[in-house]
Amino acid sequence: MRHIKGRLQKAADEKVAAYTSSLPFDWRLYRHDIAGSIAHARMLSKHGIISESDAVIIVQGLESIQQEIEQGKFEFRAELEDIHMAVEARLIEKIGEVGGKLHTARSRNDQIALDLRLYIREAIAQTIGNTRELQHALVNLAEANMDVVVPGYTHLQPAQPVLLAHHLLAYFEMLQRDVDRLECCRMRADVMPLGSGALAGVTYNVDREFLARELGFDRISQNSLDAVSDRDFVLECEADASIAMMHLSRLAEEIILWSSAEFGFIELDEAYATGSSIMPQKKNPDVAELVRGKTGRVYGHLMAFLTTMKALPLAYNRDLQEDKEGLFATVDTLLASLAICAGMVSTLKVNAESAAKAAGRGYILATDLADYLVRKGEAFRNAHEIVGRLISYAVKKEKSLAELSLAEYSNFSPLFGEDVYSITIESSLAARDTVGGTAPKRVAQAVAAAKKALGQVN
Ligand code: ARG
């Protein structure tokens with residue numbers, strides 16, 4: 001490539017060219033790269049840096065290159081270092097010398113900073129869209145099962161009964177925060193870096209505000225050194241994606257547990273389950289397991305690029321090229337995992353009976369019993385102690401709370417009366433009538449609020 005060799009007389013060794021080329025992965029930025037170049041050419045001509053007629057030829061050339069790429073007619077030549085060189089080389093091939101004017105007042109350093117920011121804005125919009133789909137699926141499942149009770153767990157031990165809808169809406173909340181985080185990241189990525197040149201700014205009278213407007217950016221960068229070497233927005237996107245994947249891994253884990261014979265609260269649709277090559281009876285939750293498993297990789301991309309960025313001196317260093325593969329893989333994985341989870345959630349069947357049965361086991365109403373004594377005048381700590389002793393008695397006798405006689409209750413506290421038998425799963429749920437609690441009335445409000453939130457943003 002004569003026009004990038006500059007002082008170098010020798011072509012790069014073949015192995016070196018292959019080692020340093022980013023084209024095998026950054027070709028994906030072609031749309032962003034071309035959009036940036038078109039805006040740049042227009043800006044150059046608007047300010048008399050190149051002629052209007054040159055700009056028209058350049059823009060047409062770039063548009064036809066985009067078509068070639070989209071029609072699969074573009075040859076990504078391995079010896080070209082990156083997408084920027086590939087597009088520029090083809091432009092010069094197509095329109096001749098005038099194509100060489102495009103790179104006036106620009107460097108690949110500010111060009112890649114721009115392309116990545118354009119990419120991230122789009123990736124975030126898609127990710128938010130897929131997150132909304134999953135939220136819809138969760139809310140729909142909640143709404144279709146408003147009277148289903150499941151055991152609520154702490155330490156994976158049955159703790160207190162909760163509505164299935166309440167449990168599902170917990171994930172809705174997590175995903176709301178994921179969207180918030182991504183929106184913050186999008187805001188910080190919304191900065192136009194062109195005009196920073198290689199590192200110090202450019203010697204031409206460039207119109208950076210015009211470029212920002214053309215490309216739909218909110219702001220322009222304020223320091224050229226920072227603009228070409230900042231990848232915070234990449235790290236932030238990967239961190240946000242890691243947290244989102246962590247949420248999906250928890251959902252996936254519960255789907256795995258809940259679809260097991262031991263729990264049996266849900267059944268996966270066959271389209272979201274796999275068979276075993278050896279055990280004919282199996283219906284395996286491999287899809288959910290892979291969501292859980294892929295979380296590790298997404299964390300890995302974040303750690304890898306944090307490590308790459310550590311202690312890098314200003315300004316651009318080639319190390320920064322390592323940003324792309326991890327970022328693309330992160331976005332691809334998160335997008336696919338969100339879509340898969342949405343499909344899995346919207347097709348699974350709820351087994352209300354097994355859930356209710358499980359919710360009735362394990363002295364799950366013990367807290368309600370203690371609260372009962374408190375309402376009769378006992379101090380909570382004493383009530384806790386009394387119920388603890390009562391439960392260990394019931395365990396020994398192999399009786400449920402409902403099977404204990406009033407005489408047996410009375411051995412533990414004189415405050416117990418006939419009304420102790422009115423403590424049921426239903427009363428337990430209804431009693432948790434706080435904002436954010438599992439009382440059916442509150443959960444119905446939460447479902448309505450969730451639907452409204454989705455309606456407003458979609
Ligand atoms: N392929 C490079 C990257 O992804 C583009 C910028 C190259 N700049 C340079 N001076 N070599 O970071």
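As the structure lists them, so they are numbered: ligands from 1, and atoms in each ligand from 1. Starting from 1, each residue takes its place in the sequence as its number.
Below 3.5 Å of separation, one finds an N or O of S22 facing an N or O of ligand 1. An N or O contact shorter than 3.5 Å is missing between D323 and ligand 1 by distance.
Residues D33 and Q111 bring a donor and an acceptor atom of their side chains to less than 3.5 Å of each other.
Ion pairing of R77 with E93 is present here, as a side-chain N (NZ or NE/NH1/NH2) and a carboxylate O approach within less than 4.0 Å.
Aromatic rings of F328 and Y119 (six-membered ring for Trp) have centroids within the 6.0 Å cut-off, being under it.
The salt bridge (Lys or Arg N to Asp or Glu O under 4.0 Å) test with R28 singles out one residue from D82, D115, D332, and that residue is D332.
Taking the six-membered ring for Trp and thresholds of 30 and 60 degrees, H167 and Y171 have ring planes inclined between 30 and 60 degrees apart.
The minimum heavy-atom distance between A227 and S221, with the atom names listed, is CB-OG, 3.4 Å. Of all non-hydrogen atoms in L235 and L302, the two that sit nearest each other are O-CD1, 3.7 Å.
For ligand 1 and Y316, the ligand atoms under 4.0 Å from any heavy atom of the residue are 2 (C), 3 (C), 5 (C), 6 (C), 7 (C), 8 (N), 9 (C), 10 (N), 12 (O). Against a heavy-atom cut-off of under 4.0 Å, K324 is close to the following atoms of ligand 1: 3 (C), 4 (O), 12 (O). Below 4.0 Å from some heavy atom of Q321 lie the following atoms of ligand 1, by number and element: 1 (N), 2 (C), 3 (C), 4 (O), 12 (O).
If you check which protein heavy atom lies closest to atom 9 (C) of ligand 1, you get N109 OD1, 3.5 Å. Among all non-hydrogen protein atoms, the one lying nearest atom 5 (C) of ligand 1 is D82 OD2, 3.6 Å. For atom 11 (N) of ligand 1, the closest non-hydrogen atom on the protein side is R108 NH2, 3.6 Å.
Under 4.0 Å from ligand 1, the heavy atoms of H84 that appear belong solely to its side chain.
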